[in-house]
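What follows is a set of notes on a single structure, which appears directly below.
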Number of protein chains: 2
Amino acid sequence: MNGVNYGNSVLGSQGSSRLSAPTRRERLRTSTLSEIKEEARRLLVTGGPDAISLRAIAREMGMTAPAIYRYFDSLDALVEALAGDLYAELSEVVATAKQDAGDDPVTQVKAMARAFRGWSVAHPAEFALILGNPLPGIVAFQESCDEEHHPGVEFGRPFMETINALWLRERYATPPRTLMEERLAAHLEPLRASHGDQYPIEVTWAFLSGWSRLYGLVSMEVFHHLRWAVSDPGALFEMELHAYVDQFTSQKS
Amino acid sequence: MNGVNYGNSVLGSQGSSRLSAPTRRERLRTSTLSEIKEEARRLLVTGGPDAISLRAIAREMGMTAPAIYRYFDSLDALVEALAGDLYAELSEVVATAKQDAGDDPVTQVKAMARAFRGWSVAHPAEFALILGNPLPGIVAFQESCDEEHHPGVEFGRPFMETINALWLRERYATPPRTLMEERLAAHLEPLRASHGDQYPIEVTWAFLSGWSRLYGLVSMEVFHHLRWAVSDPGALFEMELHAYVDQFTSQKS
DNA sequence: TGCCATAGTTAACGCCGTTCATCTTCCTAA
DNA sequence: TTAGGAAGATGAACGGCGTTAACTATGGCA
């Protein structure tokens, strides 16, 4: 019956203040809202995704669980909002690393990859929430989200742009263009829908290939799936990064 | 107070039958045991890892929840046993694919990779349980398991052997040996503990690099982390497989 | 001043894992 | 053949969970 319950989108009945200082009510609301999410993150960090519970959050805040329903429609909605925040945080970390890396695309790629790994290793629980096994509630969210504004798109953009700059400069080696056109190009509509046709297929391939390699290695490290093989996953990571970047800078095949 | 509760390891007080026909009791026990795990898997498939509950299993079996404690010490122990079975199943699928692929290592690598993806895509919930975000109870299991008999070791063995055969034949390109010795070799004790020193560092690198690429791509597909980019992840997979194998067969750098 | 949306409460329902005391059934050892 | 004990299964209970419904207090605006 109630309207959708999220953020400060409640827009007080009368305009109150169109753009200037928010109402006292609004200030309190946003404050409580972020306190809830902070508490949820704390639980996430200490006990994993399943440890996030309305009752625990409320207890920690000196409230009762049903009160949280004034701010989120369900536990899933809360977790979803938290996931959105974390996605933005990670995106910004990566984007900042790129900005701080100077103008060389090779340096930029390395900086972004290291920043991604750094954040992930430092925040394994958060990584699990947004990039691991998606929870049942999150799956629906991902499917319902229209492709154009999917958080993954914004996250991948700086990678994509850098790989493109690299391509313009180096014309690095890729699988044969005919093969890529034939087997891959037909299935890239989703990506085209968000990035347009501005990138050649070589760039698209290099981006997807690189992202999957980065993701695979980092998530194996974060989830301890490398413990049986390597004592310091960072060394393996640097090795792989070297191999990936080398692909772009050595002479073409 | 009770002894550890798993499998048919209860060993009836008196020897009863050392090696021949198992007791009626034992037959019933193993039958119930596997029925519990089957029901658990059914719940896993239909509702994800969190849907596995003792009460639901018991309900479906016409029992009460506490009865299951005669067979498993806890829900975590049950899930852990199920994960072990699934690991074995996946390992066998991959090993069989290799056997059916003839003698050429390149063909073998492709067959194993495709078999791995095939099983994973066909059984996403099972994949999530054994290769995704580890549940809190599973983490302890992985850490307590002595490295030598870690299921991951047996799973990776056919890959490792094939990559080695490929190396003996092709002497494919890798990162410079000096770099690998310097940065990677010092951190491979866990892998050496299980496989011995029989493999040169080039093989180890190619194996770990390939496994992480395979894992990354497949888990992104299984977890729908590629939906925003690619409509048919299989095409991207074949592309990446091509690029990986090509690395081994084209002329050395 | 009166109103009413907003924030918060208590109580309850049905899930869950787990423990405990209890009962039945079956196998074995005397 | 029978007594005893182990193994299997039960019902009741505890505390925790998400969620709903009915209810109370309060702050800000007409």
Please verify the inter-ring angle class for Phe155(B) with Tyr87(B); under 30° counts as parallel, over 60° as perpendicular, anything in between as tilted. perpendicular

Any idea how Phe207(B) and Phe159(B) line up, ring-wise: parallel (<30°), tilted (30 to 60°), or perpendicular (>60°)? tilted

Test: [X] and [Y] ion pair at under 4.0 Å:
{"X": "Arg157(B)", "Y": "Glu154(B)", "answer": "yes"}
{"X": "Glu60(A)", "Y": "Arg42(A)", "answer": "no"}
{"X": "Arg117(A)", "Y": "Glu240(A)", "answer": "no"}

Could you tell me the separation between the [atom1] atom of [X] and the [atom2] atom of [N], rounded to a whole number of Å?
{"X": "Leu43(A)", "N": "dG16(D)", "atom1": "CG", "atom2": "P", "value": "15 Å"}
{"X": "Leu28(B)", "N": "dC27(C)", "atom1": "CG", "atom2": "C1'", "value": "13 Å"}
{"X": "Met61(A)", "N": "dA7(C)", "atom1": "CE", "atom2": "P", "value": "12 Å"}
{"X": "Glu60(A)", "N": "dC17(D)", "atom1": "CD", "atom2": "P", "value": "11 Å"}
{"X": "Glu26(A)", "N": "dA5(C)", "atom1": "CD", "atom2": "P", "value": "17 Å"}
{"X": "Leu78(A)", "N": "dT19(D)", "atom1": "CG", "atom2": "C1'", "value": "14 Å"}
{"X": "Ile57(B)", "N": "dA9(D)", "atom1": "CD1", "atom2": "C1'", "value": "16 Å"}
{"X": "Ile36(B)", "N": "dG8(D)", "atom1": "CD1", "atom2": "C1'", "value": "11 Å"}

Examine Phe223(B) together with Phe127(B) and report whether their ring centres are nearer than 6.0 Å. yes

Given protein heavy atoms under 4.0 Å, the one-letter contact record of nucleotides 9-19 of chain C, with B base, S sugar-phosphate only and - none, is simply BBBB---BBBB

Tell me whether the side-chain N/O atoms of Arg29(A) come closer than 4.0 Å to OP1 or OP2 in dA7(C). yes

